[in-house]
Amino acid sequence: MSDIPATLAECAVAVLTTADGREKTALSHRMAAAWFAARNAGTPMPIGRGNPPDFPARPDKPELLNPRDMPRRRPGSAAGRLALLHAVAHIELNAVDLHWDIVARFCDVRMPLGFYDDWVKAADEESKHFNMVCDVLESLGSHYGALPAHAFMWRAAADTRDDILGRLAVVPMVLEARGLDVTPGMIALFEKAGVANAVEALRTIYAEEVGHVAYGSKWFHFLCGRDNIDPKDAFHDLVRRYFHGALKPPFNEEKRAEAGIPPDFYWPLTDEHPARNAAERL
Ligand SMILES: [Fe+2]
Ligand SMILES: [Fe+2]
């Protein structure tokens, strides 16, 4: 384990600067194991200071396209299902980087060690998710990189690079919460098509993503409480500032509640909310 860096921030940067998905996630698992081994031994690794790249290293493939230019495929077709899995793999790889980025990016903000435990665990789980989905793609004769992928996945991270509250609001509490809304439909689609390994991967993702959203809500509320800020108002302000567009119902209200996000956080950010529509007419 001698090649494990001395600080957690350097571990994060090592993952962020590794381009290949399988290599990035293998490194991510090893860095997470080193962090938790040191924690369990009672000698936590220092957080240190990171200099994370503006954009994480990425493989040559997939080609990154403007979402407008992404080919459209019928969701019920085999090609549509493959494209969906490819999109999930891309999301998971971005999520690995997003969780390591929050560890390295905000070292100047004093946080309890539990903050780092949560995001290292989340990054470790995203690494597993990426590999599970890649295994499914390969079992179906494809692979990550075979299709184009969404070019703007890092936008939320770039927009919030100086704002930890904005990062927590937009990444775990909006983007990852959206995953809770859409994953049950995807599970049903693959159940209907009889793709057992895809169902298994998506069920694992669904179960573990609730935790990631909950970490977001927990640390968002912690920071608001420390600074005596109203969390609901702050959430609305930050999402309107950093997230481009309205939130889309239907919401998975049960899982969002389990993750600590009450309805009055997200409903006012939809187009359909009467209060928001009235406010915009003023
Ligand atoms: Fe994930
Ligand atoms: Fe996640």
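Numbering of ligands and ligand atoms starts at 1, following listing order. For clarity, every value in this text was computed on a predicted model and none was experimentally measured.
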Open item on the list: Could you walk me through whether R22 and D135 satisfy the salt bridge (Lys or Arg N to Asp or Glu O under 4.0 Å) test, starting with their C-alpha distance in whole Å, then the side-chain angles of each, then the deciding distance to 0.1 Å, before giving a yes or no?
Closed with: CA-CA 11 Å; R22 295 277 195 182; D135 291 346; 2.9 Å; yes
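- Figure legend: cation-pi geometry between R167 and F106 absent, as NZ or CZ is not positioned both under 6.0 Å from the six-membered ring centre and within 45° of its axis.
- Between H212 and H99, the ring center distance clears the sub-6.0 Å criterion.
- The side-chain contact (heavy atoms from CB on, under 4.5 Å) test with R178 singles out one residue from V182, V174, L175, and that residue is V182.
- Remark: K255 is positioned above the aromatic ring of Y206, its terminal NZ or CZ atom under 6.0 angstrom from the ring centre and at most 45 degrees off the axis.
- Each protein N/O/S atom under 2.8 Å from the Fe ion (ligand 1) was counted, for a total of 4.
- Aromatic pair Y215/F115: centroids not less than 6.0 angstrom apart.
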